Amino acid sequence: MDRSTTRNLRSGLKRGVGSGIKVLAAASDRVRRPPAGVTVLIYHRVGRRAAVEMDLDASVFDAQMAELAASGRVVDLDAALAILAGDAPRPIRDPIVVTFDDGTADFAEVAVPILERHGVPAVMYLATAFLDEGRPFPHDGAPMSWAAARDALASGVVTYGSHTHTHALLDRIDPEVAAAELDRSIDRIAAETGAAPRHFAYPKAVAPSAPVAALVRARFASAALAGTRRNPYGATDPLALARSPIQAGDAMVWFRRKVDGGLGLEDRLRGAANRVRYRGATT
Ligand SMILES: [Zn+2]
């Protein structure tokens, strides 16, 4: 272990278990270096309206976007897919894609002005029923209105994707129900924003059953899961993109590790816990 790992280990242990897991994950990255490729980051909320890990302080998000913009590594999802497929040249430094899930009001109010200021493009995957009905997301997540969604689109940095209609978990529903979920969200986004979504993100990153995966493949150019790792060049299925969630507890050092495709062990531990937590859930 080198000096910086030891230092991180010591400060991580001081901050408790969550950081302890990050420290272990960072140590495991030193044994197996992340491969070259595209990192896709996941955000949920900005503005710290709820004291949950998925809700970042606006100043923290601003600092992260400033750093990404300065790095010159941020690309939009379509450009990243072209690079991954070998249809566009690989940049010298590995590209980063910014994505958001769900469609809460803070996206239009807080996140988009920051993205716009730094010129950072982002995909927002919408669970359309929440916008249609003004239905709140868990942890007091007020949904965005469609009018706000259209205003955000006018910034020029936003692309909308689908996240099903009701945030349905696609590993446990009939293919007919899944098809209706996908088609409804596609139709609603097309009707409200003028463009059908080409990209999809699985709710709670649960991997689909095989018949449902085929439905997704037939409708979208890409689909995102979790994984907290890079998507390697020439060896990535665009319908099973790995993403790295950025959390409120990620100090800049952990943010940088995730940008560089690290901390996969943290994801594997979280995935094991979530499989238990979501066992009886449907959304
Ligand atoms: Zn979601």
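As the structure lists them, so they are numbered: ligands from 1, and atoms in each ligand from 1. The structure presented is a predicted model; accordingly, all values stated were derived computationally and were not measured.
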Whether Asp101 has an N, O or S atom under 2.8 Å from the Zn ion (ligand 1):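 Here the distance criterion (N, O or S atom, under 2.8 Å) is not met by Asp101, so no.
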Contact flag His44/the Zn ion (ligand 1), N/O/S atoms, threshold under 2.8 Å: no
Three-point angle Asp102:OD1, the Zn ion (ligand 1), His167:NE2, rounded to the nearest 10°: 90°
Atom pair CE (Met54) and CZ (Arg45), whose distance is rounded to the nearest 0.5 Å: 5.5 Å
Side-chain ion pair, Asp250 and Lys258, N-O less than 4.0 Å: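 Counted as a salt bridge, because a side-chain N and a carboxylate O are separated by less than 4.0 Å.
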Presence of salt bridge, Asp237 and Arg217, under 4.0 angstrom: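 The answer is yes: the pair qualifies as a salt bridge.
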Any side-chain donor near an acceptor of the partner, Tyr202 and Asp171, under 3.5 Å: no
